[in-house]
Amino acid sequence: MAALNEGNLAARLLALRNAIADACTQAGRDAQAVRLVAVSKRHEAAAVRTVLQLGQRDFGENYAQELRDKSAALAAEADALGVAPRWHFIGPLQRNKVPLVVGRAALIHSVDSLPLASAISARVQHLRKALPGLVQNCLIQVNIAQEPQKSGCDPDALPTLLDAIAAAGGTLFCLGLMCLPPQQDDPEASRCHFRRLRELLHSAARQKRPHVELRELSMGMSHDFQVAIREGATILRVGTALFGARL
Ligand SMILES: *Cc1c(COP(=O)(O)O)cnc(C)c1O
């Protein structure tokens, strides 16, 4: 866990917001149409609290236990803080960890298989005994460069997965797509993958399905969010540029 420096966090959040606003202006886009998810994985709950008090609402985690523990830590003080964080689950999700995440995450970015979608659906059904209207919002993670070993559904498998969500009786609601392009130093290397994800979203959106409304593109991290904004990202997932290096 990295050491906390509140002054640094305030300065970095401001710089990040300015950089996002500048990139939106350059792309001719409304800054309101781009949401920042502050990726707090492997940073302490105290850092989340500080950034929350600076006005940031959306936080991303990619380990199920960490999401559970941090959301519990901050829920205990939500009343005192007067504001609650909105949690995003952005990491690979094992089926046995589904109970830790469903109902806690406002948005799961990493649905990538039929078995995972049905495990989430089953968990929602179970929780509905106590929470009747519960719906789990999600994105489909696409393995956009078709890298072996990488999470995400194959682009060709997307329609089948969307059909399954449409058939899940409204337990899941799919809002869009997410990708994690191949790791490269040059942010321009991500551009073709971001563009491909946008095209995939638009072509999949032509077929109307219940419980599916494809409008979100979760793409862009610390090193390539400007390129992602240019290519139509609506959700950025930024960790290092805000919280600093992870230990
Ligand atoms: C860690 C992580 C991020 C944030 O990466 P940074 O380079 O620290 O901005 C974004 N998306 C996913 C899926 C991650 O796991």
Side-chain angles (χ1 to χ4, degrees), residues 1 35-45 47-49 51-52 56-75 78 84-128 131 134-144 150-153 161-162 164-165 168 171-180 197 211-222 225 228 233-240 242-243 246:
M1 297 267 180
R35 196 193 313 188
L36 169 65
V37 171
V39 178
S40 47
K41 66 183 184 204
R42 303 208 321 263
H43 290 278
E44 290 167 18
V48 174
R49 185 184 304 118
V51 173
L52 183 68
Q56 171 64 28
R57 286 292 307 283
D58 293 277
F59 294 87
E61 289 288 336
N62 73 337
Y63 304 100
Q65 286 95 333
E66 223 180 305
L67 177 97
R68 175 197 58 194
D69 295 347
K70 260 179 236 175
S71 66
L74 287 167
R86 246 187 325 257
W87 296 100
H88 295 246
F89 189 77
I90 63 173
L93 183 53
Q94 292 165 332
R95 273 178 285 160
N96 62 346
K97 300 286 168 55
V98 160
L100 300 181
V101 172
V102 171
R104 287 194 177 93
L107 188 63
I108 299 176
H109 293 225
S110 48
V111 175
D112 64 355
S113 72
L114 295 170
L116 178 58
S118 50
I120 294 171
S121 177
R123 181 64 185 169
V124 171
Q125 255 150 13
H126 174 77
L127 292 176
R128 275 182 175 179
L131 302 163
L134 185 69
V135 176
Q136 179 62 61
N137 288 325
C138 68
L139 305 177
I140 300 209
Q141 181 174 354
V142 179
N143 184 357
I144 198 69
K150 190 99 164 228
S151 301
C153 84
L161 192 45
L162 290 172
I165 289 172
T171 48
L172 282 95
F173 195 98
C174 180
L175 289 162
L177 306 180
M178 180 270 230
C179 78
L180 200 63
L197 194 73
H211 317 300
V212 175
E213 225 175 87
L214 298 173
R215 51 185 150 89
E216 305 286 354
L217 283 169
S218 168
M219 56 191 200
M221 315 189 347
S222 291
F225 69 84
T234 63
I235 301 176
L236 312 172
R237 309 179 310 268
V238 178
T240 311
L242 175 59
F243 291 106
R246 291 177 286 271

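Heavy-atom basis, side chains included; hydrogens, waters and symmetry copies ignored. Quick note: residue numbers are just sequence positions, from 1.
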Asks: So do Phe243 and Val51 actually touch side chain to side chain, heavy atoms under 4.5 Å?
Replies: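 A side-chain contact under 4.5 Å exists here.
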Asks: Supply the atom-to-atom distance Gln141 CD to Cys153 SG, rounded to the nearest 0.5 angstrom.
Replies: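 It comes to 9.0 Å.
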Asks: Hey, can you tell me if Trp87 and Phe59 have their rings parallel, tilted or perpendicular (30° and 60° cut-offs)?
Replies: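 Ring orientation of Trp87 relative to Phe59: tilted.
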Asks: Around atom CZ of Arg215, are there more than 12 heavy atoms from other residues, nucleotides or ligands closer than 6.0 Å?
Replies: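 Result for CZ/Arg215: enclosed.
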Asks: Step by step, would you call Arg35 with Leu236 a side chain to side chain contact (heavy atoms under 4.5 Å, CB included)?
Replies: CA-CA 6 Å; Arg35 196 193 313 188; Leu236 312 172; over 6 Å; no
Asks: Out of Glu61, His88, Arg246, which residue meets the side-chain hydrogen bond (donor to acceptor under 3.5 Å, both in side chains) rule with Ser40?
Replies: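 Among Glu61, His88, Arg246, the one that satisfies the side-chain hydrogen bond (donor to acceptor under 3.5 Å, both in side chains) with Ser40 is Glu61.
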Asks: So, taking the atom named CG in Leu180 and the one named OG in Ser110, what distance separates them when rounded to the nearest 0.5 Å?
Replies: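 Answer for the CG-OG pair, Leu180 versus Ser110, is 10.5 Å.
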Asks: Specify the closest pair of heavy atoms between Ser222 and Gly239, including all atoms of both residues, with the distance to one decimal.
Replies: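 Scanning both residues completely, I find the closest heavy atoms to be OG-N, 3.7 Å.
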Asks: Looking at Val101 and Ala64, what are the two nearest heavy atoms and their distance?
Replies: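 Looks like CG2-CB, 3.7 Å.
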Asks: Out of curiosity, His109 NE2 to Cys179 SG, how far, rounded to the nearest 0.5 Å?
Replies: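 With rounding to 0.5 Å, NE2 (His109) is 12.5 Å from SG (Cys179).
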Asks: Test Arg42 against Glu66 for side chain to side chain contact (heavy atoms under 4.5 Å, CB included), laying out the working first.
Replies: CA-CA 8 Å; Arg42 303 208 321 263; Glu66 223 180 305; 4.0 Å; yes
Asks: Check the pair Leu139 / Glu216 against side chain to side chain contact (heavy atoms under 4.5 Å, CB included), numbers first and verdict last.
Replies: CA-CA 8 Å; Leu139 305 177; Glu216 305 286 354; 4.0 Å; yes
Asks: Counting distance only, does the side-chain N/O of Lys41 pair as donor-acceptor with the main-chain N or O of Leu67 below 3.5 Å?
Replies: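 Between the backbone of Leu67 and the side chain of Lys41 there is no qualifying donor-acceptor contact (under 3.5 Å).
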Asks: Please identify each residue that fulfils salt bridge (Lys or Arg N to Asp or Glu O under 4.0 Å) with Arg49, with sequence neighbours left out.
Replies: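 In terms of salt bridge (Lys or Arg N to Asp or Glu O under 4.0 Å), with neighbours along the sequence ignored, Arg49 is linked to Glu77.
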Asks: Identify the heavy atoms of Gly60 and Val37 that sit nearest to each other, and give their distance.
Replies: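 So the two residues come closest at N-CG1, 3.4 Å.
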Asks: If you measure from CG on Leu162 to CG on Leu214, what distance do you get to the nearest 0.5 Å?
Replies: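 Rounded to the nearest 0.5 Å, the CG-CG separation comes to 5.5 Å.
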Asks: Using atom types as modelled and distance alone, determine if a side-chain donor or acceptor of Gln136 lies under 3.5 Å from a backbone N or O of Arg104.
Replies: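 Judged by distance alone, no pair lies under 3.5 Å.
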Asks: Is the closest side-chain donor-acceptor distance between Ser218 and Arg237 under 3.5 Å?
Replies: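 Note: Ser218 and Arg237 side chains meet the donor-acceptor criterion.
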Asks: Can you tell me how far apart CD (Gln56) and CG (Leu36) are? Round to the nearest 0.5 Å.
Replies: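 Taking CD in Gln56 and CG in Leu36, the distance rounds to 4.5 Å.
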Asks: Mind listing the closest non-hydrogen atom pair of Ala47 and His43 along with its distance?
Replies: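 Shortest heavy-atom contact: CB-CB, 4.5 Å.
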Asks: Enumerate donor-acceptor pairs with a distance under 3.5 Å from any side-chain N or O in residues 112-124 to protein atoms, sequence neighbours excluded.
Replies:
residue	atom	partner	partner atom	Å
Asp112	OD2	Gly152	N	3.0
Ser113	OG	Leu116	N	3.1
Ser118	OG	Leu114	O	3.1
Ser118	OG	Pro115	O	3.2
Ser121	OG	Thr171	OG1	2.8

Asks: Output the distance between atom CZ (Phe89) and atom CG (Leu100), rounded to the nearest 0.5 Å.
Replies: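 Those atoms lie 9.0 Å apart.
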Asks: Should Ile140 and Ile165 count as side-chain neighbours, where that means a heavy-atom distance under 4.5 Å?
Replies: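 Yes, side chains in contact.
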Asks: Looking at side-chain heavy atoms only, is the closest gap between Leu107 and Leu175 below 4.5 Å?
Replies: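 Yes - at least one pair of side-chain heavy atoms lies under 4.5 Å apart.
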